[in-house]
2 protein chains.
Amino acid sequence: MNPIEHLNKLFESRIRLGVMSMLMVNEEVSFNDLKSMLDVTDGNLASHLSTLEENAYIKVHKGFVGRKTNTTYSITKVGEKAFKGHLAALEAMIKFTQ
Amino acid sequence: MNPIEHLNKLFESRIRLGVMSMLMVNEEVSFNDLKSMLDVTDGNLASHLSTLEENAYIKVHKGFVGRKTNTTYSITKVGEKAFKGHLAALEAMIKFTQ
DNA sequence: TGACTAGCTTTGATGCACAAAGTGCTTTAT
DNA sequence: ATAAAGCACTTTGTGCATCAAAGCTAGTCA
C-alpha cells in the first residue's frame with residue numbers, strides 16, 4: 001500500500017494548507033487576517049487564493065466594514081470535502097508510521 | 001496562532017513524505033521496493049533520496065542479495081526527529097480544524 | 001491635495017519536480 | 001562469448017510553482 005497516493009496535490013503548499021485550515025475553523029476570514037496569520041506577502045497570498053478559487057475550494061465575498069472595502073473568504077462544500085479527504089489521507093499515513 | 005509554521009519544508013514533497021513513512025515502519029527498505037511502492041521513476045526517486053541524505057535524514061547501505069547489488073535505506077535519528085516533528089505539526093493543524 | 005489602506009495584478013528571478021535518456025557495472029541467459 | 005537485462009544512479013531539459021517586489025486602481029481620511 002502506497003501511503004501517499006490519496007494526498008491532494010493542491011495541499012502540498014503550506015500556504016494553501018493554512019488558508020484551508022483557517023477557513024475550516026472560521027466561517028469567514030478577511031484577506032488581511034489571512035495575510036497576518038499566515039505571515040505572507042499580499043501578492044503571494046492573492047495568488048494562492050486565486051488557485052483555490054479556480055478549483056472551487058473557496059469563495060470570495062467583497063463587502064464593507066463601515067465604509068472601507070473588506071474582502072472575506074469562505075470554504076465551499078467542494079473545498080471542505082477535498083480538505084477532509086486530504087486530512088484523512090494524512091491521518092492514514094500517520095497511523096501507518098506507528 | 002499560525003497553524004502551519006512548524007511544518008517542515010522538506011516534507012512538502014509527497015515522495016519524500018512517502019519515503020520517510022516507509023522508513024519509519026521498516027528498518028530497511030530497498031531502492032526497488034521504494035520505487036514500486038511509491039510508484040515513481042528511478043531517477044526521480046534517486047534525486048529525492050539524495051536530498052534526504054544530504055540533510056542526514058536517511059542513510060544508505062550498499063549490500064548484496066545473493067550476488068546482486070542491493071541498496072537499502074534507513075532513517076537516522078535526525079530524520080526520525082524531524083519527521084516526528086512534522087507529524088506533530090500536522091496533527092496540531094488537524095486538531096485546529098476540528 | 002496628499003498620504004494611506006485594501007486588494008489585487010504583473011513582472012521577474014529562482015528553484016523544484018519530473019520524465020527520459022544515458023552510464024557503468026554486474027548478472028543471467030543463450 | 002555475446003547478448004540482454006537489472007540495478008542504481010547521473011545528466012539533461014522542460015515546464016511549472018513559489019515568492020518578493022513593484023505597480024496599479026479605487027476608495028478613505030486629514
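Lettering of chains follows the sequences in order, A, B, ..., and the numbering in each one begins at 1.
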When you check the phosphate oxygens OP1 and OP2 of D/dC9, does a side-chain N or O of B/Tyr73 lie under 4.0 Å from one of them?
-> yes

Quick one: which of C/dC18, D/dA8, C/dG7 gets closest to the side chain of A/Asn70?
-> C/dG7

Whether B/Thr76 side chain and B/Lys59 backbone form a donor-acceptor pair below 3.5 Å = no

How do B/Asn44 and A/Ala46 order along DNA chain C: which one's closest nucleotide is nearer the 5' end?
-> A/Ala46

Distance below 4.0 Å between B/His48 side-chain N/O and C/dC16 OP1 or OP2 | no

Before accepting this row, confirm whether a basic side-chain N of the pair B/Glu80/B/Lys84 lies closer than 4.0 Å to the acidic partner's carboxylate O.
-> yes

For A/Arg14 and B/Ile4 the tightest heavy-atom approach is O-CD1, 3.1 Å

Ignoring backbone atoms, test whether B/Thr71 places a side-chain nitrogen or oxygen under 4.0 Å from the OP1 or OP2 oxygen of D/dC9.
-> yes

Considering only heavy atoms, which members of residues 4-42 of chain B lie under 4.0 Å from some atom of DNA chain D?
-> B/Phe31, B/Asn32, B/Asp42

What is the distance from CG of A/Leu45 to P of C/dG7, rounded to the nearest Å?
-> 10 Å

What pairs of nitrogen or oxygen atoms, one from the protein and one from nucleotides 25-28 of chain C, lie under 3.5 Å apart?
residue, atom, partner, partner atom, Å
C/dT27, OP1, B/Arg67, O, 3.3

A/Ile58 CD1 to C/dG7 C1': how many Å, rounded?
-> 13 Å

B/Ile94 side, atom CD1; A/Leu87 side, atom CG - distance, nearest 0.5 Å | 5.0 Å

Hey, which of B/His6, B/His86, B/His48 is the one that makes ring-ring contact (aromatic ring centres under 6.0 Å, His included) with B/Phe11?
-> B/His86

Check each of B/Leu49, B/Asn8, B/Leu23 against B/Tyr57 using the side chain to side chain contact (heavy atoms under 4.5 Å, CB included) test, and report the only one that passes.
-> B/Asn8

Is there a side-chain contact between A/Asn26 and A/Asp33 (heavy atoms, below 4.5 Å)?
-> no

List the steps, then state whether side chain to side chain contact (heavy atoms under 4.5 Å, CB included) holds for A/Tyr73 with A/Leu52.
-> CA-CA 11 Å; A/Tyr73 298 86; A/Leu52 288 173; over 6 Å; no

Please examine the side chains of A/Phe64 and A/Asn70, heavy atoms only from C-beta on, and report whether any two atoms are closer than 4.5 Å.
-> no

Value in whole Å for how far the C1' atom of C/dA17 lies from CG of B/Leu52 | 14 Å

